[in-house]
2 protein chains.
Amino acid sequence: MQNPKIKEIEHLFMEFMPLYHKKLSPIFRENDDDEFRCHKNQKRAIMIIHRTKGIILSELGRYLDMRKGSLTSLIDALVENGLVERREDVHDRRKTLLYLTEAGEEYYRQMMARTSKTYQKLFSKLSEEEIEECLHGLQHVVAALKKI
Amino acid sequence: MQNPKIKEIEHLFMEFMPLYHKKLSPIFRENDDDEFRCHKNQKRAIMIIHRTKGIILSELGRYLDMRKGSLTSLIDALVENGLVERREDVHDRRKTLLYLTEAGEEYYRQMMARTSKTYQKLFSKLSEEEIEECLHGLQHVVAALKKI
DNA sequence: TTTAAATAGTTAGAATTCAGACAGTTTGAG
DNA sequence: CTCAAACTGTCTGAATTCTAACTATTTAAA
């Protein structure tokens, strides 16, 4: 009934997540020269809205692992700061589509420039072969998560 | 100056995290037959304390991506419920070591039984080969995160 | 030895996120 | 068509987390 390989995957995720938080999450905390003083979850939201333009609030909540009620105020603040805009969905009047404004896209670019620097610095500790393995490993994991 | 492979890794992590939250994080929200009504972060803390017995508050905060100030009250609640205990570090009087009590270990086992079920169900959608690739992929990613 | 810097944990008040209820809209079965 | 179920976003008061300051302890350099 139990697939031992899946059990191993489960264990690896349990090991992976704390490591991710320790090594990579702090990147979103950095607040130097952040004129808008966005906090961690606002930055994560901006990342996702950039990638999936026109996303609705509920789906954004699933990607962030946050409740939609929390996102109303989070997005309100980003709209007030002029980084995000809401548009009505013509085909489904329940929905509100989220987009980055031009200022939001500019903020995204600056944020990415900083995170890229940190990634480069961190992963340069690995050999070229280890980088390769991590890269292909991630590709397989992402492919798996997309299917389940 | 920039390693393009590392840039790809960065992109994959940006793609990976939302997927993880959407597909796997909800497991920690399930609160059926949870006599202690632990919320998501309390469960995550219990997972980590089980794996790294004797961990200190600050390190736990790094693994959870939470501030130590938040953890004081989070752990207080778990101690009051009899799931966690604090012990003094004999060699460093600043430190407090965290352990699961016997009740905490039992709670951990019950929680794991439920999460395992969900993992089995989700990943059974994949072929045996895809499971294998995800497993080895994760191993490489974890190895990389440990080194950086 | 002395002292400055780093680290551990707590606290208080502010900010964020939560749960649960609500109204409006869409979907789909009968 | 009709109506129940599902889904979207908002609201409110409660709970959780955060920021920043503080004390105590350890480390390491002078």
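In what follows, every chain begins at residue 1, and chains take the letters A, B, ... in the order their sequences are listed. Small disclaimer: the values here were computed from a predicted structure and weren't measured.
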Rounding to a whole Å, what distance do you find between [X]:[atom1] and [N]:[atom2]?
X        : N       : atom1 : atom2 : value
Asp89(B) : dT25(D) : CG    : C1'   : 12 Å
Leu98(B) : dA8(C)  : CG    : C1'   : 12 Å
Glu59(A) : dA6(D)  : CD    : P     : 19 Å
Glu88(A) : dG9(D)  : CD    : P     : 12 Å
Ile56(A) : dT10(D) : CD1   : C1'   : 14 Å
Arg37(B) : dA19(C) : CZ    : C1'   : 12 Å
Leu60(A) : dT10(D) : CG    : P     : 12 Å
Lys95(B) : dT26(D) : NZ    : P     : 10 Å

Under 4.0 angstrom between [X] side-chain N/O and [N] OP1 or OP2:
X        : N       : result
Thr96(B) : dA8(C)  : no
Arg86(A) : dT10(D) : yes
Thr72(B) : dG9(C)  : no

- Message: Restricting to non-hydrogen atoms, name the atom on Val141(B) and the atom on Gly137(A) that form the minimum distance, rounded to 0.1 Å.
- Response: CG2-C, 4.0 Å
- Item | Sugar-phosphate only, base, or nothing, as touched by Arg62(B) at under 4.0 Å among non-hydrogen atoms | sugar-phosphate
Sidechain N-carboxylate O distance under 4.0 Å for [X], [Y]:
X         : Y         : value
Lys95(B)  : Glu88(B)  : no
Glu106(B) : Arg109(B) : yes
Lys40(B)  : Asp65(A)  : yes

Protein-nucleotides 23-28 of chain C N/O pairs under 3.5 Å:
residue	atom	partner	partner atom	Å
dT26(C)	OP1	Arg93(A)	N	3.2

Closer than 3.5 angstrom, by distance alone: can the side chain of [X] be matched with the main-chain N or O of [Y] as a donor-acceptor pair?
X         : Y        : result
Lys146(A) : Leu19(B) : no
Arg67(B)  : Gly61(B) : no
Lys43(A)  : Glu30(A) : yes

- Message: Quick check on ring-ring contact (aromatic ring centres under 6.0 Å, His included): which of Phe16(B), Tyr63(B), Tyr20(B) does Phe16(A) satisfy it with?
- Response: Phe16(B)
- Think Arg87(B) forms a cation-pi with Tyr99(B), using NZ or CZ under 6.0 Å from the six-ring centre and within 45 degrees of its axis? yes
Set out, line by line, the N/O atom pairs under 3.5 Å between protein and nucleotides 16-23 of chain D.
residue	atom	partner	partner atom	Å
dT17(D)	OP1	Asn41(B)	ND2	2.5
dC18(D)	OP1	Arg29(A)	NH2	3.4
dC18(D)	OP2	Arg67(B)	N	3.1
dC18(D)	OP2	Ser70(B)	OG	2.5
dT19(D)	OP2	Arg67(B)	NE	3.0

